[in-house]
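Have a look at the structure below before the remarks.
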2 protein chains.
Amino acid sequence: MQPIGFKSHDHGTCIAHSVTSVQKQCAERGLQLTPVRQRVLEILLAKHQAMGAYDILAVLKADGFSAQPPVAYRALDFLVGNGFAHKIERLNAFVACSHPSSEHVPAFLICRVCENVAEGIANLSEDTVAASARDAGFIIERAVVEAEGVCPNCDGAQP
Amino acid sequence: MQPIGFKSHDHGTCIAHSVTSVQKQCAERGLQLTPVRQRVLEILLAKHQAMGAYDILAVLKADGFSAQPPVAYRALDFLVGNGFAHKIERLNAFVACSHPSSEHVPAFLICRVCENVAEGIANLSEDTVAASARDAGFIIERAVVEAEGVCPNCDGAQP
DNA sequence: TTGATATATGTTATAGTATATCATAACAAG
DNA sequence: CTTGTTATGATATACTATAACATATATCAA
């Protein structure tokens with residue numbers, strides 16, 4: 001699977017598709033995609049960049065929602081907990097999931113210049129990681145790969 | 001390479017070997033392993049568990065070192081920057097490196113029950129991650145794998 | 001040795017991230 | 001209707017990290 005985020009694409013439909021997909025899944029799984037939750041998802045989808053909780057909060061405030069930290073964190077917990085968004089631990093920030101329809105180990109390619117984030121899919125089960133875990137008797141419940149570097153748009157432009 | 005941390009081992013020599021190894025490398029590379037830095041390394045080595053900066057600070061304080069946050073963070077920056085320790089982003093915490101003598105992509109197996117951490121080595125270059133990055137034109141400078149789950153000592157004991 | 005430069009530490013203050021807690025509202029099930 | 005559940009509102013606080021500036025210590029060239 002290809003990461004998206006560094007290649008030009010029709011971002012309008014990209015957003016629309018994602019929202020529709022999440023709405024559909026929520027309906028199927030009996031989850032409530034409430035106004036705040038959907039709005040936070042849209043905010044995240046607006047760009048392929050990680051956003052901090054307080055950045056999101058500022059947008060929510062401008063939209064007339066209550067702007068206390070828990071508002072943002074609760075919505076983010078919902079989205080992350082149900083696989084509609086991910087937290088980039090390295091940045092203490094969040095991104096909408098690019099592959100919301102399937103279970104996967106996300107692999108983030110984080111550009112340290114423009115801060116855009118592309119999400120690929122790692123295949124740890126065929127990596128030495130899975131072998132190590134197996135040998136150690138460790139049961140992996142969830143995992144994430146975070147890679148920092150330079151994206152093609154920034155390579156050459158900025159060192 | 002095997003992760004360590006979940007199997008019983010002679011932890012005394014484990015610590016001693018690590019300290020000696022780091023001392024040797026610092027000498028070779030012209031790095032100053034000052035008292036605070038070495039002490040923080042020892043504190044991290046004391047257990048195969050991630051420690052927060054403020055936990056470390058508390059120990060430093062008990063040892064008579066200055067106990068302002070920058071003291072701990074500077075020592076940690078030194079250790080992490082030179083590959084003698086790693087930051088576990090998911091936990092906002094730090095661990096001594098188990099393989100301080102080689103460049104590697106660390107893969108952490110984090111037990112959510114006992115909070116012990118084992119460090120293995122990922123081989124992303126043969127993972128789909130490397131292929132995705134290559135296809136996207138993304139240059140990976142550093143990466144980390146963080147896997148959360150249950151270690152063999154806790155499996156069965158606690159759900 | 002001395003002085004210049006770089007590196008490391010001491011200290012205060014503050015910025016940034018996240019959660020605990022309690023109160024209220026909306027709604028469905030019994 | 002009242003009980004249980006889920007979501008939201010609101011306040012306060014805890015936890016994590018860094019900026020900024022002063023002082024000290026090491027390193028090295030002249």
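So that the names make sense, note that chain A is the first sequence line, chain B the second, and so on, each numbered from 1.
Nearest heavy-atom pair, A:P106 versus A:E119, reported as atom, atom and distance to 0.1 Å: CB-OE2, 3.7 Å.
Side-chain contact check for A:V150 versus A:R112: some heavy-atom pair is nearer than 4.5 Å. By the 4.5 Å heavy-atom criterion applied to side chains, B:V40 and B:V71 are not counted as neighbours. B:N92 places a side-chain heavy atom less than 4.5 Å from the side chain of A:N92. Using a 4.5 Å cut-off on side-chain heavy atoms (C-beta onward), A:I121 and A:H99 make contact. Annotation: side chain of A:C26 is not in contact with side chain of A:Q23 (no heavy-atom distance under 4.5 Å). Contact annotation: the side chain of B:N82 never approaches that of B:V22 to less than 4.5 Å [non-hydrogen atoms, C-beta and beyond]. Contact check for B:L109 versus B:C151: no side-chain heavy atoms found under the 4.5 Å cut-off.
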Legend entry - Protein-to-nucleotide contact annotation, 5' to 3' order, nucleotides 25-30 of chain C [B base; S sugar-phosphate only; - none; under 4.0 Å, heavy atom]: ------
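The phosphate of D:dC15 has neither OP1 nor OP2 within less than 4.0 Å of any side-chain N or O from B:N92. In this model, the phosphate group of C:dA18 is approached by a side-chain N or O of A:K87 to a distance below 4.0 Å at OP1 or OP2.
Looking at A:N123, its side chain never comes within 3.5 Å of a backbone N or O of B:D127 through a donor-acceptor pair. Looking at B:T20, its side chain does come within 3.5 Å of a backbone N or O of B:A16 through a donor-acceptor pair.
Judged by distance alone, with hydrogens and angles left aside, B:Y54 brings no side-chain donor or acceptor close enough to the base of D:dA14 to form a pair under 3.5 Å.
Atoms CG (A:N82) and P (D:dT6) sit 13 Å apart, rounded to a whole Å. The CG-P distance, from B:L91 to D:dA17, rounds to 11 Å in whole Å. Computed from coordinates, the B:D55 CG to D:dC15 P distance equals 10 Å when rounded to whole Å. Straight-line distance from the CG atom of A:L57 to the P atom of C:dG16: 14 Å, rounded to whole Å.
Annotation: proximity of residues 61-78 of chain A to DNA chain C (heavy atom, distance under 4.0 Å) is found for A:P69, A:P70, A:Y73, A:R74, numbered in ascending order. Taken residue by residue, residues 26-52 of chain B places heavy atoms nearer than 4.0 Å to DNA chain C at B:Q32, B:T34, B:V36, B:R37.
Listed by first and then second residue, the side-chain hydrogen bond (donor to acceptor under 3.5 Å, both in side chains) pairs that reach into residues 58-80 of chain B are B:R39-B:D63, sequence neighbours excluded.
Taking the six-membered ring for Trp and thresholds of 30 and 60 degrees, B:F78 and B:F84 have ring planes inclined between 30 and 60 degrees apart.
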For residues 45-56 of chain B, please give each side-chain donor-acceptor pair under 3.5 Å, one per line with the distance, not counting sequence neighbours.
from: B:H48; atom 1: NE2; to: B:H9; atom 2: NE2; distance (Å): 3.1
from: B:Q49; atom 1: NE2; to: B:C114; atom 2: O; distance (Å): 2.9
from: B:D55; atom 1: OD2; to: B:G52; atom 2: N; distance (Å): 3.2

Legend entry - Nucleotide pairing, DNA chain D (Watson-Crick or G-U, distances under 3.5 Å), in dot-bracket with [ ] and |: ||||||||||||||||||||||||||||||
